[in-house]
Undergrad: 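Quick one: this structure, given as structure tokens, is what I'll be asking you about.
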2 protein chains.
Amino acid sequence: MEISHTEENYLKAIFKISERDGKPASTNAISSEMSTSAASVTDMIKRLSDKTLIHYERYRGVTLTGQGAQIATHLIRKHRLWEVFLVDKLHFSWDEVHEIAEQLEHIKSQGLVERLDEYLGFPKFDPHGDPIPDADGNFAIRKQVLLSELKHSERGLVVGVQDHSTAFLQYLDRMALVLGTPVEVLEYFEYDESMRVLISGEREQVLSKKVCQNLFIQKR
Amino acid sequence: MEISHTEENYLKAIFKISERDGKPASTNAISSEMSTSAASVTDMIKRLSDKTLIHYERYRGVTLTGQGAQIATHLIRKHRLWEVFLVDKLHFSWDEVHEIAEQLEHIKSQGLVERLDEYLGFPKFDPHGDPIPDADGNFAIRKQVLLSELKHSERGLVVGVQDHSTAFLQYLDRMALVLGTPVEVLEYFEYDESMRVLISGEREQVLSKKVCQNLFIQKR
DNA sequence: AATCATTTTTAGATTAGCTTAAAAATTTAT
DNA sequence: ATAAATTTTTAAGCTAATCTAAAAATGATT
Ligand SMILES: [Mn+2]
Ligand SMILES: [Mn+2]
Ligand SMILES: [Mn+2]
Ligand SMILES: [Mn+2]
């Protein structure tokens, strides 16, 4: 069965929404995620439903079938592997790769993804710290917390971002808060929920509430 | 101005036909190259003409404008660079890469092609020996002849193929006639226009007329 | 329970790209 | 030069994907 570029994007959107909200994806949630009209979503829902890629009850939201979920995770696998390629091999910075990977994820080929995976050394996480599902669709799980959840004197490594915006990624570059950087909480300010942290054991920096709520840390 | 995946493919087809035939591309030639109906071609010609990507006089054929030619050569550049990537880095064989490159050539990004070019070491020819145009659209010219044009005792190196079919490429692999292989004509048989050739200075082999007419040789 | 607000679906239209069949223009052959 | 053959265009219609506006269903409020 042929599956279009557009259908793939809808499946990925439904996957992400269900995962984020822990419940079926509503028509409006999908239309918002895809930046299309709700009417277009209703239309596409019918098509995906006919292809048994989603379960759908009118007015009650959408969930992926096994086949639909398989396509969605495979798409995410390709997206993240291409992001690794662009950063590790072509030396793009982590804020430049999402758009390109958005196109590359739709390339269809039997062996390409697996060869790419091998060429990259079977990475488990992408340049933003997001897990790369394996060929069976299983995601590596890593216990991580937001920096904002750390208490005084706790330490850890920067392992990911919640906010993927260019603005945030460039801010982190400026602060040298790249993935793998050690951080330690030196002081917490109740007033504005900001924190003074020690970065790489050498530089102190005050980070705003917003920053702390968007940085994933692995405690150690 | 937005230019679609399909429009790009038409421009590339027109470029190839004009180059091959040395005259404007006819509606039928395009429909044959694109495997679509002549009516579809007439339709698309109008659209490309409105966008000033082609010159078009009814019943008289199509030529590319400067802008159209620029898009076509850029597409060919991307296609051939991706083929080099797939063969050199991901270890695909030369008969497996065309279809994938057919998709990859449509990826849009400011810096991607140039970074890829650099990563690959600025190759001048693709895995089939076809020249890779530079960023300005200039193709390297190499004086090459068909093996069938060589006379007795003349030698050269295999530098390219005219027929890109999987069947031919796999045949060449079997005969160890990969790019760069030295060949010398030992004997010519008028009867069926076949040739006995010395391959890599060590193995003799009779090659059919069809094979000889599809192998590009650089004399030496 | 009835009203109001929100969400979702339906209706009607548009665009790109494609098809087949018929008509028109051009080229080739007699 | 006229007829026949070929090429190209036009006409009409289809599907995927989109939109806006209106109708219908659901959920929340009084
Ligand atoms: Mn991304
Ligand atoms: Mn996508
Ligand atoms: Mn990512
Ligand atoms: Mn090639």
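By convention in this document, chain letters (A, B, ...) are assigned in the order of the sequence lines, proteins followed by strands, and residues within each chain are numbered from 1.
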Undergrad: Just compare C:dT20, D:dA21, C:dT7 and give me whichever is closest to any side-chain atom of A:Tyr59.
TA: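 Of all the options, the side chain of A:Tyr59 is nearest to C:dT7.
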Undergrad: Please state whether the phosphate of D:dT8, meaning OP1 or OP2, lies under 4.0 angstrom from any side-chain nitrogen or oxygen of B:Tyr56.
TA: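 No, because none of the side-chain N or O atoms of B:Tyr56 sits under 4.0 Å from OP1 or OP2 of D:dT8.
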Undergrad: Looking at A:Ser37, I'd like to know whether one of its side-chain N or O atoms comes within less than 4.0 Å of OP1 or OP2 on D:dT20.
TA: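 Looking at the OP1 and OP2 atoms of D:dT20, neither is under 4.0 Å from any side-chain N or O of A:Ser37.
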Undergrad: Send over the distance from A:Ile3 CD1 to D:dT15 P, rounded to a whole Å.
TA: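 Rounded to whole Å, this separation is 20 Å.
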Undergrad: For a quick test of reading the model: is some side-chain N or O of A:Thr36 closer than 4.0 Å to OP1 or OP2 of D:dT18?
TA: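 No, outside the criterion.
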Undergrad: Quickly work out the B:Glu57 CD to D:dT7 C1' distance and round it to whole Å.
TA: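 That distance rounds to 16 Å.
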Undergrad: Counting C-beta onward and ignoring hydrogens, is there a side-chain heavy-atom pair between A:Phe216 and A:Leu146 closer than 4.5 Å?
TA: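 The answer is yes, as the side chains (C-beta and beyond) meet within the 4.5 Å cut-off.
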Undergrad: Check whether any side-chain N or O of B:Thr6 sits under 4.0 Å from OP1 or OP2 of C:dG17, and answer yes or no.
TA: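 Checking C:dG17 against B:Thr6, a side-chain N or O does come within under 4.0 Å of OP1 or OP2.
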Undergrad: Tell me the interatomic distance from B:Asp43, atom CG, to D:dA12, atom P, rounded to whole angstroms.
TA: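 Rounded to the whole Å, the gap is 14 Å.
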Undergrad: Please name the residue in the list B:Lys12, B:Lys78, B:His5 that meets the side-chain hydrogen bond (donor to acceptor under 3.5 Å, both in side chains) test with B:Glu105.
TA: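 Among B:Lys12, B:Lys78, B:His5, the one that satisfies the side-chain hydrogen bond (donor to acceptor under 3.5 Å, both in side chains) with B:Glu105 is B:Lys12.
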Undergrad: Can you tell which of C:dC18, D:dT9, C:dT7 lies closest to the side chain of B:Thr42?
TA: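 From the listed options, D:dT9 comes nearest.
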Undergrad: In terms of side-chain geometry, is the basic nitrogen of A:Asp50 or A:Lys46 positioned less than 4.0 Å from the acidic oxygen of its partner?
TA: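 A:Lys46 and A:Asp50: not salt-bridged.
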Undergrad: Check the distance between D:dT15's C1' and A:Lys51's NZ and give it to me in whole angstrom.
TA: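 Distance check: A:Lys51 NZ to D:dT15 C1' gives 12 Å.
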Undergrad: Find which nucleotide of DNA chain D each of A:Ser35 and A:Arg60 is nearest to by heavy atoms, and output the residue with the more 5' nucleotide.
TA: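 Closer to the 5' end of DNA chain D: A:Ser35.
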Undergrad: Checking contacts here: which listed nucleotide (C:dT8, C:dT10, C:dA16) is nearest the side-chain heavy atoms of B:Arg47?
TA: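 In terms of side-chain proximity for B:Arg47, the closest of C:dT8, C:dT10, C:dA16 is C:dA16.
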Undergrad: Which nucleotide wins on minimum distance to the side chain of B:Asn28, given the candidates D:dA17, C:dC18, D:dT7?
TA: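 Nucleotide nearest to B:Asn28's side chain: D:dT7.
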Undergrad: In whole angstrom, what separates B:Met44's CE from C:dT19's P?
TA: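 About 11 Å, once rounded to whole Å.
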Undergrad: Within less than 4.0 Å of OP1 or OP2 of C:dT10, is there a side-chain N or O belonging to A:Lys46?
TA: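 Checking A:Lys46 against C:dT10: at least one side-chain N or O falls below 4.0 Å of OP1 or OP2.
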Undergrad: Nearest to the side chain of B:Thr27, which nucleotide is it out of D:dT18, D:dT9, C:dC18?
TA: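 The answer is D:dT9, which lies nearest to the side chain.
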Undergrad: Quick one: B:Ile30 CD1 to C:dG17 P, roughly how many Å, whole number?
TA: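 B:Ile30 atom CD1 is separated from C:dG17 atom P by 15 Å.
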Undergrad: Check the pair B:His98, B:His128 against ring-ring contact (aromatic ring centres under 6.0 Å, His included), reporting the backbone distance first and the verdict last.
TA: CA-CA 10 Å; B:His98 179 76; B:His128 312 102; 7.4 Å; no
Undergrad: Would you find more than 12 non-hydrogen atoms of other residues, nucleotides or ligands less than 6.0 Å from B:Arg58 atom CZ?
TA: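 Not buried by this count: 12 neighbours or fewer within 6.0 Å.
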Undergrad: Please report the distance, rounded to the nearest Å, between CD1 in B:Ile45 and P in D:dT9.
TA: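 Spelled out: CD1 on B:Ile45 to P on D:dT9 is 6 Å.
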Undergrad: For A:Arg58 and D:dA24, give me the distance from atom CZ to atom P, rounded to whole Å.
TA: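 Computing the A:Arg58:CZ to D:dA24:P distance gives 13 Å.
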